[in-house]
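Okay, structure first, notes after.
For clarity, every value in this text was computed on a predicted model and none was experimentally measured.
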Amino acid sequence: MESYLKKNEKEFIKYIKKNPFCTREEWDNYAKNNGLYSANTLRAHLITEETEDLIKKTNTDSFSFIKEMYIIMPSKPIHLLKRISNYNKRAQQHERN
């Protein structure tokens, strides 16, 4: 049987793969609407004390660190180019119809 934490972790991974530049507030809103753990609860389960020390030393946001644990963050220009490409594909499909 899959634990509730693993279920939340899988949902978090799916969400951040679709929305790699999401904020903590966006995740918390999504989590609240879908009965999932908030960013702080996930952080408490996933980050150890040693990792917390490393995060503090590097002045990194813990939510960004959790996102980066699961995906490689694309740069914003690449993300923008992907959106433009998808828009162009939809426009071409619309012209064909």
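By the 4.5 Å heavy-atom criterion applied to side chains, Phe12 and Ile66 are counted as neighbours. Using a 4.5 Å cut-off on side-chain heavy atoms (C-beta onward), Lys67 and Cys22 make contact. You'll find the side chain of Ser62 reaches within 4.5 Å of the side chain of Arg24, heavy atoms only. Counting heavy atoms from C-beta outward, Leu46 and Glu9 have side chains that approach closer than 4.5 Å. The side-chain heavy atoms of Arg43 and Phe63, taken from C-beta on, include no pair separated by under 4.5 Å. You'll find the side chain of Leu36 reaches within 4.5 Å of the side chain of Trp27, heavy atoms only.
For Lys14, the salt bridge (Lys or Arg N to Asp or Glu O under 4.0 Å) test picks out Glu11, with sequence neighbours left out. Applying the ring pair (Phe, Tyr, Trp, His ring centres under 6.0 Å) criterion to Phe65, with sequence neighbours excluded, gives no partner residue.
Interatomic distance, Ser64 OG to Ile55 CD1, rounded to the nearest 0.5 Å: 9.5 Å. With rounding to the nearest 0.5 angstrom, the NZ atom of Lys89 is 9.0 Å from the CD atom of Gln93.
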Stepwise side-chain contact (heavy atoms from CB on, under 4.5 Å) test for Tyr37 and Leu5: CA-CA 8 Å; Tyr37 286 153; Leu5 174 61; 3.9 Å; yes
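With hydrogens and angles ignored, the 3.5 Å screen pairs a side-chain donor or acceptor of Glu26 with a backbone N or O of Thr23. Between the side chain of Asn8 and the main chain of Leu42, no donor-acceptor pair closer than 3.5 Å is present. Distance alone, capped at 3.5 Å, places no donor-acceptor pair between the Asn29 side chain and the Glu25 backbone.
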